[in-house]
Amino acid sequence: MKRPDGVWRRSAVVVLTAGAVTTVAAVHAQTPAAPRPQPNAAGTALTVTTQRRIDPRSAFFASLGANGRTCGSCHLESDGWSLTPETAQAKFAATGGADPIFRTNDGSNAPGLDVSTPDARRSAFSLLLNRAVIRIGLPVPAGAEFRLVEADDPYGFATAAELSLFRRPLPAANLKFHPVIMWDGRETRPGLSAGQVLANQAAGATTGHAQAPARPADAALTQIVGFETALFHAQKTDRVAGALDSGGVKGGPTTLSRQRFAPGINDPFAAGFDPNVFQIFAGFARPRRGTPANVAERRRQIAQGEAIFNAKRFFVRDVPGLNDDRGQPVVTATCGTCHNAPGVGSSSVGAFQNIGVSDADRRTPDVPLYTFEHNTTGERVQITDPGRALISGRWRDMGRFKVPSLRGLAARRPYFHDGSAATLRDVVDFYNRRFSINLSPGEQEALTAFMEAL
């Protein structure tokens with residue numbers, strides 16, 4: 001937990017459990033019971049909290065707005081404190097699309113779409129159902145260095161006054177390790193403490209996503225921030241390798257909750273940078289005698305993936321937020337150059353980067369494509385989401401997003417800010433192609449296995 005002086009302290013850890021679609025009260029009435037890790041395709045994940053218990057009366061689970069939503073509507077323990085398409089689809093099937101998550105202000109592909117029948121609702125909420133993305137409506141800021149030339153929106157809604165941007169809910173856990181909050185960092189401003197930033201984010205979500213008529217009371221915001229900052233979530237077991245926090249390995253959420261962190265703790269371009277960002281699974285490289293062959297191989301694979309993450313070197317070109325900021329057309333890097341927070345894989349320096357996820361050639365027909373023009377040079381770019389540029393108004397920030405954490409990945413598919421990568425193997429494939437890393441098929445499988453084990 002965080003003391004008033006801003007120092008993080010270690011507190012007692014208790015285990016949380018939850019179901020994907022059951023009611024909040026029913027779920028959390030069972031919290032003090034024995035640990036029940038949550039299943040996912042890679043094994044099981046687990047959340048621990050530095051608070052002594054989880055209170056279903058917390059403001060995190062309260063409807064503070066006008067449309068029935070809570071923070072827990074889009075941030076579910078079973079989904080790594082995010083939201084998966086499977087959960088969205090289960091909610092739709094159970095309620096015919098009447099669950100509070102299905103609201104047209106930001107859950108549908110555009111406001112004003114037909115939602116008069118279940119089939120119409122299924123069409124209107126297709127992006128939420130298939131990618132678990134929420135529509136973020138933002139304008140081109142006054143005084144921006146660029147203007148909107150064209151909005152190719154399949155739903156006929158987006159304009160310069162409100163672009164439609166489809167983004168994944170970031171996890172409401174492991175927040176200790178994030179120097180910036182939200183994909184575009186719009187709540188992180190100079191002079192604000194981490195608690196103030198999170199309170200403003202919760203307030204904005206309540207007045208926006210939950211359509212509250214006014215900012216919630218400070219007491220409610222304090223409760224929400226206290227709840228969130230106490231949560232630590234990570235993979236607990238692998239479906240083949242077994243426990244990830246015993247036998248000489250240091251995975252799981254309890255170890256994560258004790259991980260040291262401070263902004264800039266492992267700056268990749270400062271003296272003292274440690275490229276061995278993850279030092280969790282080396283013990284898996286030497287399976288104990290008598291270990292079944294399939295278990296030994298999976299453990300070896302996870303350890304190999306960690307070694308690849310830490311040591312595999314490649315060349316990074318044309319990444320705004322890295323090459324241009326450094327003044328280096330080519331940067332020799334590893335995965336940890338950007339995902340550098342020790343034991344976590346977020347950016348310890350709060351970097352915003354454009355790796356090309358929003359490029360026009362990755363656009364699918366169900367999302368808008370925007371054409372922007374620089375006011376002075378006349379340069380044009382086509383992009384599905386301008387990212388940080390809509391906050392700063394700067395051309396150079398076009399397409400930049402925060403570097404997310406890598407813990408608890410297996411529970412919260414799909415990946416990237418727009419949910420365009422359905423699996424972790426798709427993520428590995430993207431990076432392998434984007435940076436010509438030349439990973440062998442075996443190396444790709446190992447890196448995927450490692451990411452599943454985080």
Side-chain angles (χ1 to χ4, degrees), residues 18 20-28 54-84 87-88 90-92 94-113 115 121 124-125 127-129 131-139 157 162-173 175 181-184 186-188 195-229 231 412:
V21 189
T22 52
T23 66
V24 169
V27 165
H28 292 286
I54 188 167
D55 188 349
R57 299 165 299 178
S58 167
F60 186 90
F61 300 110
S63 176
L64 303 177
N67 61 13
R69 285 182 176 170
T70 73
C71 299
S73 295
C74 295
H75 300 279
L76 295 91
E77 181 186 0
S78 57
D79 295 4
W81 299 97
S82 180
L83 178 69
T84 64
T87 291
K91 286 176 177 286
F92 193 97
T95 67
D99 185 272
I101 195 173
F102 301 108
R103 298 291 184 251
T104 57
N105 59 307
D106 59 7
S108 58
N109 301 342
L113 297 181
V115 291
R121 289 193 288 277
F125 295 102
L127 286 168
L128 174 56
L129 289 167
R131 292 196 191 185
V133 290
I134 295 293
R135 192 187 71 86
I136 307 298
L138 292 175
F157 175 78
E162 186 175 338
L163 304 179
S164 289
L165 314 165
F166 296 92
R167 299 178 183 171
R168 296 280 291 118
L170 282 161
L175 295 176
I181 299 298
M182 309 188 75
W183 285 110
D184 54 19
R186 62 184 179 273
E187 296 294 355
T188 302
Q196 289 171 320
V197 169
L198 289 171
N200 287 342
Q201 186 276 326
T206 304
T207 56
H209 301 311
Q211 296 179 295
R215 181 184 174 96
D218 288 345
L221 296 174
T222 298
Q223 228 177 52
I224 292 171
V225 172
F227 178 86
E228 293 176 327
T229 54
L231 301 176
R412 63 173 199 266

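None of the values given here were measured: they were computed from a predicted structure.
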Value for CG (Asn67) from CD (Gln211), rounded to nearest 0.5 Å, stands at 4.5 Å

Rounded to the nearest 0.5 angstrom, the CG-CZ distance for Asp99 and Arg121 is 11.5 Å

Hits for salt bridge (charged side-chain N to carboxylate O under 4.0 Å, His left out) against Arg167, two or more places apart or cross-chain, chain-then-number order -> Asp184, Asp385

On a heavy-atom basis, the closest approach of Phe125 and Asn109 is C-OD1, 4.1 Å

With heavy-atom distances below 4.5 Å as the criterion, would you say the side chains of Ile136 and His209 are in contact?
yes

Q. Between the main-chain N or O of Ala203 and the side-chain N or O of Thr207, is there a donor-acceptor pair closer than 3.5 Å?
A. yes

So CG of Leu76 and SG of Cys71: to nearest 0.5 Å the spacing works out to 11.5 Å

Correct closest heavy-atom pair for Ala88 and Phe102 would be O-CZ, 3.3 Å

Here the gap from Leu198 atom CG to Thr229 atom OG1, rounded to the nearest 0.5 Å, amounts to 7.0 Å

Check against side-chain contact (heavy atoms from CB on, under 4.5 Å), Ile101 and Thr87:
CA-CA 11 Å; Ile101 195 173; Thr87 291; over 6 Å; no

By side-chain contact (heavy atoms from CB on, under 4.5 Å), Glu162 pairs with (sequence neighbours left out) Arg135, Phe157

Show which side-chain atoms of residues 212-227 pair as donor or acceptor with protein atoms under 3.5 Å away, not counting sequence neighbours.
unit_1, atom_1, unit_2, atom_2, d
Arg215, NH1, Asn200, OD1, 3.3
Arg215, NH2, Asn200, OD1, 3.1
Thr222, OG1, Asp218, O, 2.9
Gln223, OE1, Ala59, N, 2.7

Is Arg69 close to Asn105 at the side-chain level, that is, under 4.5 Å between some pair of heavy atoms?
yes

Leu170 meets the side-chain contact (heavy atoms from CB on, under 4.5 Å) criterion, sequence neighbours left out, with Trp183, Lys402

Here the pair of heavy atoms bringing Cys74 nearest to Ile134 is SG-CD1, 4.1 Å

Taken in chain and number order and not counting sequence neighbours, the residues that satisfy ring pair (Phe, Tyr, Trp, His ring centres under 6.0 Å) with Phe166 are none

To the nearest 0.5 Å, atom CD1 of Ile181 lies from atom CD of Glu228 at 8.5 Å

The side-chain contact (heavy atoms from CB on, under 4.5 Å) partners of Ser82 (sequence neighbours excluded) come to Arg168, Pro169, Arg412

For the residue pair Trp81 and Phe61, categorise the inter-ring angle as parallel (less than 30°), tilted (30 to 60°) or perpendicular (more than 60°). tilted

